[in-house]
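Reviewing the structure listed below.
Each chain gets a letter, A, B and so on, in the order its sequence line appears, and its residues count up from 1.
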Amino acid sequence: MYKEICAKYAPTKDNLIYILHEIQDSHPQHYISKDAVTAISEYLKVPENHIYGVLTFYSMYSTSPRGKNIIRLCESPPCYIKGSENILRKLKTILGVGVGETTKDGKFTLELCACLGVCGNAPVMMINEDVYGDLSEEKVEDIIEKVRGRS
Amino acid sequence: MKTLADLKKIREKAQEDMKLRGGNVRIKIVVGMGTSGIAMGAREVMKTFLEEIAARNLTDVLVTQTGEKGLSSMEPVVDLIEDGKTKVTYGNMNPDKVKKVVVEHIVNGRVVSDYVVATGN
Amino acid sequence: MSLKRIDLLICCGSGCVSAGALKIKERFHEVLKEHNLTTEVNIIETGCMGPCDYGPVMVIYPEGIFYKKVSVDDVAEIVSEHFVKGRPVNRLMLQEEEKTFQAQKDVPFYQKQVKVALENCGYINPESLDEYIATGGYEALGTILTEMKPQDVINVIKESGLRGRGGGGFPTHIKWQMVHDNKADQKYIICNGDEGDPGAFMDRSLLEGDPHRILEGMMIAAYAMGASNGFFYIRAEYPLAIKRIKMAIEQAKELGLMGNNVFGSGFNFDAEVRTGAGAFVCGEEMALIHSIEGMRGNPTPKPPYPAVQGLWGKPTVVNNVETFGNIATIIRKGAAWFASMGTEKSKGTKVFALTGDVRNTGLVEVPMGITLRELIFDVGGGMIGDHKFKAVQLGGPSGGCLTVDHLDTSVDYESLKERGAMMGSGGVIVMNDEKCMVNVAKFFMEFCVEESCGKCSPCRIGLKQMLEILERITDGKGREGDIEELQRLGESINKLSLCGLGQTAPNPVLSTIRYFREEYESHIRDHSCANKVCLDLMHFNIDKERCIGCSLCARKCPTTCISGSREEKYTIHQIDCVKCGNCFDVCPVKAIDKIPGMHPEIAANRAQIAKAAQHYDD
Ligand SMILES: Cc1cc2nc3c(=O)[nH]c(=O)nc-3n(C[C@H](O)[C@H](O)[C@H](O)COP(=O)(O)O)c2cc1C
Ligand code: SF4
Ligand code: SF4
Ligand code: SF4
Ligand code: FES
Ligand code: FES
């Protein structure tokens, strides 16, 4: 599978970031495994430690398995000013996990992230590629229920 | 597309498609669509205006609607508002009368006085 | 044959989408079908209209009626009342002090705004090249390619006085000139869409709302400096912006506005999109270039400047999204027109993102030289609720905060810098009198520590030290001399760091010390946070006079540190309280108060522990 993804891109070093993105997105557990790194290293003909160097530099990549849905709650000041802390508390209670952890059923991973550029509607979180704004504790409950139902 | 003239052609066509958003409007047709207007056939009147205007490819005419106009004995009522001219109000309109107003007033600039029920504000 | 009589513009910028705009759009399609009106109404998805806080918002033409906070349930009424009967729905309009604002152009939020870069944002369908062309799009490109020499283009930009909108305010024409004068077989142009400043969403909105404008700006720049390849570097958190720019590139190619021999002029150009992967420092131009090359996004020392040795070693210009957003209009309307707006040294307009405790959060564009007061109180509508204005943070984590005393400051590069803040990319975070400035400064510092790439030690180690000091201050363990230590560290980090991140990271701390020193002092000396934000420096207290002894708080306390009885009333055992605030929230008679200052019992307890520890050390 990794080879097929690699083959979509020209074997040049500047495509590394795209290959990593696609491999991570297409993995059901949203992470980049050791095998994947080996496959990329062979394809691009760059050493594995270069790939790990890049991988660990960028915060969006994960080297350990994650849940089916990635929740990323914005923790930057404009969202904080509008009460992101309460939202975080609520998320932790509903999901029963801490930051960086995955729910037992494997459906959600809770993460914090920097500003998502939707601060006009703070507090904000992203679940996968969807942005949810103007969050309140009730709204969060609703959203999680809906996403849970979908997956 | 190779020249500025080609671009201008595309622009003119595109501007026409965006005319509702302001810009190049010569005449505005306002159809009274209150409850009694609708009961007396205002929707048909509006539709006929839209069809006639599209058929004649009149790009600088805008059709819009408004609520009750307080002229309920003369519904359907239509205002024609033209830049720099006094407003003309037509009453007791129907699709045939609409066709005539489009040809006479909008295309040829001659008010159809038989249907006029008021002028000015 | 078109029977359309209504243009329904639904804002589908990320703000409104996050508030549910897409569901509303779906509902309109359904209801229009039910009413047989699909031939009469155009549904158009636009980019951000500005007042995101009112979202989801929409504008209905030809009248230009503005609806805010529309919900799915309102759709049926809009269709049957407004579209069928011509009776706009008043309750969805903006109402302020018994006044109803029908038309978008009358809404106070728009009054002092002048839209140049945002001209089409929220007005056209960003996925339609035709609509962009209808507003005069690509005329500037066609004109320069057929009538002007590259040097003439640079001269126009020079006369306009345009300065980079990405933060530094560097004159745009100088960079272009440098690359223009550099002879090379290959030159590159890059659009910096990495926008990572917390509180900034100008570039996202532009890319999403008017992508062709940015593309046209980039092509004009490319022609001026002789580049034939361009890259849009857009952060991965902006999937819609990425999609829109990709689409714009495809459309432009299809029509022959991009590719070989554009406008028959011999100008060849191609562009592609590259994305980030979540690293703030990649907004720095050298880091960005390394990231495109497929490396870690570490900044490298300048010189060599990118204009000399940029992407793959070739002369490169990196410009911000909004900078490109101004170019086509300057060419079309002339340098003099642009230069007539703004101040002597800061020309034109600037897009800002208003966030925080201000009423109208959202995207605005105002002439340079407007005062902060106008920006926050007239455009922004002032503070939410009855709160007072306390401070405004300009320029994100690299900027500084200003206070009530600065409200009449002119918003331009120089005036802001003089007062310890900066224009930055345009984030304006407004704070009310409930905020603790030490806490806010700590938050920005946390951001910088997390985002430091670690390449140079002043930034990597120094910022962490500053954060530790801030943490101990807000934990009630601050010491005499901490303020001076922060200042000393800040100044040396500023001098010694390799890139702008480290150089500017101390600014929020330094500026809050400059203007709110007494808050730092009371945190350190009195162990008190006047606004009861820093949890170690405040406590909860049950007022026995008001307590009715219902025991609700005791039952909700996670550490069971509340005890008492109906007769005795209830008390908090301060030592075990974790300040979760549950008791405060649940008390039916509001008998619980938040009180500034560490509770004496805790202070005594801490002193004892400290003593014991010292004993142990000896
Ligand atoms: C840490 C850091 C982050 C930056 N982030 C951005 C950014 O997100 N967008 C941007 O346009 N410029 C950013 N810059 C500034 C760029 O290095 C560069 O000056 C800018 O893109 C030049 O464009 P301009 O001249 O059009 O403003 C950043 C600089 C630093 C030091
Ligand atoms: S100042 Fe900070 S972000 Fe910039 S190069 Fe040094 S360590 Fe990296
Ligand atoms: S703040 Fe929380 S821990 Fe403290 S007394 Fe109240 S409920 Fe208990
Ligand atoms: S909830 Fe309020 S009234 Fe009830 S015991 Fe606690 S402090 Fe007293
Ligand atoms: S600060 Fe949370 S989205 Fe910008
Ligand atoms: S996203 Fe709709 S107004 Fe900003």
Notebook entry, point to check: Side chain, backbone, both or neither: which part of C/E63 has an atom under 4.5 Å from a heavy atom of chain B?
Noted result: side chain

Notebook entry, point to check: In terms of heavy-atom pairs under 4.5 Å with chain B, which of C/G136, C/P62, C/G64 leads?
Noted result: C/P62

Check: Above 12 or not: heavy atoms from other molecules or residues under 6.0 Å from NZ of B/K85?
Finding: no

Notebook entry, point to check: How long is the gap from CG on B/L62 to NZ on C/K4, to the nearest 0.5 Å?
Noted result: 14.5 Å

Notebook entry, point to check: Is there a side-chain contact between B/D6 and C/F263 (heavy atoms, below 4.5 Å)?
Noted result: no

Margin query: Measuring from atom CZ of C/R5 to atom OG1 of B/T64, what distance do you get when rounded to the nearest 0.5 angstrom?
Written below: 8.0 Å

Next item on the list: Tell me, for C/E254 versus chain B, whether the close heavy atoms (under 4.5 Å) come from the side chain, the backbone, both or neither.
Entry: neither

Check: What do you reckon, is NZ of B/K2 surrounded by more than 12 foreign heavy atoms closer than 6.0 Å?
Finding: yes

Checklist line | Heavy-atom neighbours of C/K115 NZ exceed 12 at 6.0 Å | finding: yes

Notebook entry, point to check: Can you tell which of C/N261, C/D130, C/L255, C/L257 has the highest number of heavy-atom pairs within less than 4.5 Å of chain B?
Noted result: C/L255

Notebook entry, point to check: Could you give the distance from CG (C/N36) to NZ (B/K47), rounded to the nearest 0.5 Å?
Noted result: 7.0 Å

Next item on the list: Check each atom of C/I60 against the heavy atoms of chain B and say whether the ones under 4.5 Å are side chain, backbone, both or neither.
Entry: neither

Checklist line | Nearest-0.5 Å distance, CG of residue B/L4 to OG1 of residue C/T143 | finding: 5.0 Å

Item checked: Contacting moiety of C/L145, where chain B heavy atoms sit under 4.5 Å -> neither

Check: Can we say C/E131 and B/R11 salt-bridge, meaning some charged N sits less than 4.0 Å from an Asp/Glu carboxylate O?
Finding: no

Next item on the list: Could you tell me whether C/E40 and B/R43 make a salt bridge, using a distance below 4.0 angstrom between a side-chain N and a carboxylate O?
Entry: yes

Item checked: Flag, side chain of B/R21 to backbone of C/Y123, donor-acceptor distance under 3.5 Å -> yes

Check: Top residue by heavy-atom pair count (under 4.5 Å) with chain B, among C/I6, C/T146, C/V84?
Finding: C/V84

Checklist line | Test item: C/Y138 and B/M1 side chains (from C-beta on) under 4.5 Å apart, heavy atoms | finding: no

Next item on the list: If a pair satisfies salt bridge (charged side-chain N to carboxylate O under 4.0 Å, His left out) and one of its residues is in residues 90-100 of chain B, list it, with sequence neighbours excluded.
Entry: none

Notebook entry, point to check: Within the side chain of B/Q65, is there an N or O that forms a donor-acceptor pair under 3.5 Å with the backbone of C/F83?
Noted result: yes

